[in-house]
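When a residue number appears, it is its place in the shown sequence, counting from 1. As a basis for the values below, the full set of heavy atoms in this structure was taken, side chains included, without hydrogen atoms, waters or symmetry mates.
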Amino acid sequence: MRCPHCGYEDSKVIDSRPVDENSSIKRRRECLSCGSRFTTFEIIETIQPMVVKKDGSREYFDKGKLLVGIIKACQKRPVNATQIANKVEAEILNSLRTEISSTEIGEITMNELIKADDVAYIRFASIYKDFSNVETFLEELKKISKSTTEEA
């Protein structure tokens, strides 16, 4: 990092701390030549992956759309929808993939919802899996009840 006072190209970091909800880092630096101190901000750059939809079209990942679906599933349930959306987004971004299918996003979301609340999971799955009849809905309920009785 170039010193704004003398132009020397080397400095040492004295202090670092995250700012703006961990989206950037504030660093206090000291020039190794003239000893003056200055502050820099580093913005953490995230690359939004492309979502490949079922019809083959592509669009950038939008956490807002994900959050709306999760909020609907968690309505009147003791579940923090924002927290679930944050976990799903983190898993998607941490995979460092440039493309992800909407199907995979749905699976990741359902995995997080089933850990949090069975009812919210069923609500989300009923839309995501597009239950065509009562039998498929009941099959999903049986899977959940079987997994919860095995855990108990």
Side-chain angles (χ1 to χ4, degrees), residues 1-4 9-29 38-152:
M1 182 58 60
R2 186 181 299 262
C3 174
E9 291 192 15
D10 206 6
S11 63
K12 69 177 180 179
V13 175
I14 299 168
D15 182 42
S16 290
R17 57 185 68 187
V19 291
D20 294 331
E21 297 179 9
N22 294 329
S23 64
S24 61
I25 300 171
K26 178 181 179 178
R27 297 195 195 275
R28 286 292 296 157
R29 296 179 177 269
F38 56 98
T39 302
T40 60
F41 289 91
E42 297 176 18
I43 297 171
I44 299 169
E45 186 176 76
T46 58
I47 299 170
Q48 293 293 339
M50 294 295 285
V51 176
V52 181
K53 300 174 101 178
K54 290 178 184 177
D55 66 359
S57 64
R58 289 172 163 69
E59 64 181 48
Y60 283 108
F61 173 74
D62 183 0
K63 182 181 173 184
K65 284 185 176 183
L66 175 67
L67 185 58
V68 167
I70 295 172
I71 286 172
K72 286 179 183 177
C74 297
Q75 198 168 21
K76 296 184 181 180
R77 300 298 305 160
V79 179
N80 186 334
T82 305
Q83 206 171 39
I84 300 281
N86 288 343
K87 287 179 182 178
V88 173
E89 180 187 38
E91 188 168 334
I92 291 167
L93 295 178
N94 289 339
S95 72
L96 301 177
R97 294 170 53 188
T98 56
E99 287 189 345
I100 186 166
S101 71
S102 59
T103 305
E104 289 177 86
I105 293 172
E107 293 295 328
I108 294 167
T109 305
M110 288 195 311
N111 287 338
E112 290 300 325
L113 282 171
I114 200 161
K115 293 177 204 171
D117 186 75
D118 291 344
V119 174
Y121 166 80
I122 284 294
R123 287 177 179 170
F124 188 87
S126 69
I127 307 263
Y128 170 73
K129 290 189 174 184
D130 192 26
F131 293 145
S132 55
N133 55 40
V134 176
E135 286 78 30
T136 53
F137 187 80
L138 290 172
E139 286 175 27
E140 196 66 33
L141 284 173
K142 286 178 186 175
K143 286 180 193 175
I144 290 176
S145 64
K146 183 187 278 187
S147 67
T148 54
T149 55
E150 289 174 359
E151 290 175 6

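- Here the rule is side-chain contact (heavy atoms from CB on, under 4.5 Å) with E112, and of Q83, E107, E91 only E91 fits it.
- The closest side-chain heavy-atom distance from I100 to I108 is below 4.5 Å.
- With N86 as the fixed residue, the side-chain contact (heavy atoms from CB on, under 4.5 Å) test singles out one of V88, I84, T82: T82.
- Counting only heavy atoms from C-beta outward, the side chains of V119 and C74 never approach each other to under 4.5 Å.
- Going from atom CZ of R97 over to atom CE of M50 covers 14.0 Å, rounded to the nearest 0.5 Å.
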Legend entry - Step-by-step side-chain contact (heavy atoms from CB on, under 4.5 Å) determination, I92 to F61: CA-CA 9 Å; I92 291 167; F61 173 74; 3.6 Å; yes
Inset, instruction - Decide yes or no on side-chain contact (heavy atoms from CB on, under 4.5 Å) for T39 and K26, but give the supporting numbers first. - result: CA-CA 7 Å; T39 302; K26 178 181 179 178; 3.8 Å; yes
Inset, instruction - Tell me, with the steps shown, if R27 and E42 meet side-chain contact (heavy atoms from CB on, under 4.5 Å). - result: CA-CA 8 Å; R27 297 195 195 275; E42 297 176 18; 2.7 Å; yes
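- Shown here for V19 and I25, the closest heavy-atom pair between the two residues is CG2-N, 4.4 Å.
- Taking each heavy atom of S102 and K54 in turn, the nearest pair found is OG-N, 3.7 Å.
- Of the charged side-chain nitrogens involved, none lies within less than 4.0 Å of a carboxylate oxygen, so that E99 and K53 do not count as a salt-bridged pair.
- Taking CG from D117 and CG from N80, the interatomic distance works out to 12.5 Å, rounded to the nearest 0.5 Å.
- A donor-acceptor pair is defined here as one N or O able to donate and one able to accept, closer than 3.5 Å; such a pair exists between the side chain of T109 and the backbone of I105.
- Note that CG of D62 is 9.5 Å distant from CD of E89, once rounded to the nearest 0.5 Å.
- The minimum heavy-atom distance linking I114 with Y121 is given by the pair CB-CD1, 3.8 Å.
- Formation of a donor-acceptor pair under 3.5 Å by the R123 side chain with backbone atoms of I70 is not found in this model.
- Between atom CG of residue D15 and atom CZ of residue R28 there is a gap of 8.5 Å, rounded to the nearest 0.5 Å.
- Across all their heavy atoms, L66 and A85 have their closest contact at CD2-O, 4.0 Å.
- When all heavy atoms are compared, the tightest approach of V51 to S101 is CG1-C, 4.5 Å.
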Legend entry - Derivation and outcome, side-chain contact (heavy atoms from CB on, under 4.5 Å), residues S11 and F38: CA-CA 10 Å; S11 63; F38 56 98; 4.0 Å; yes
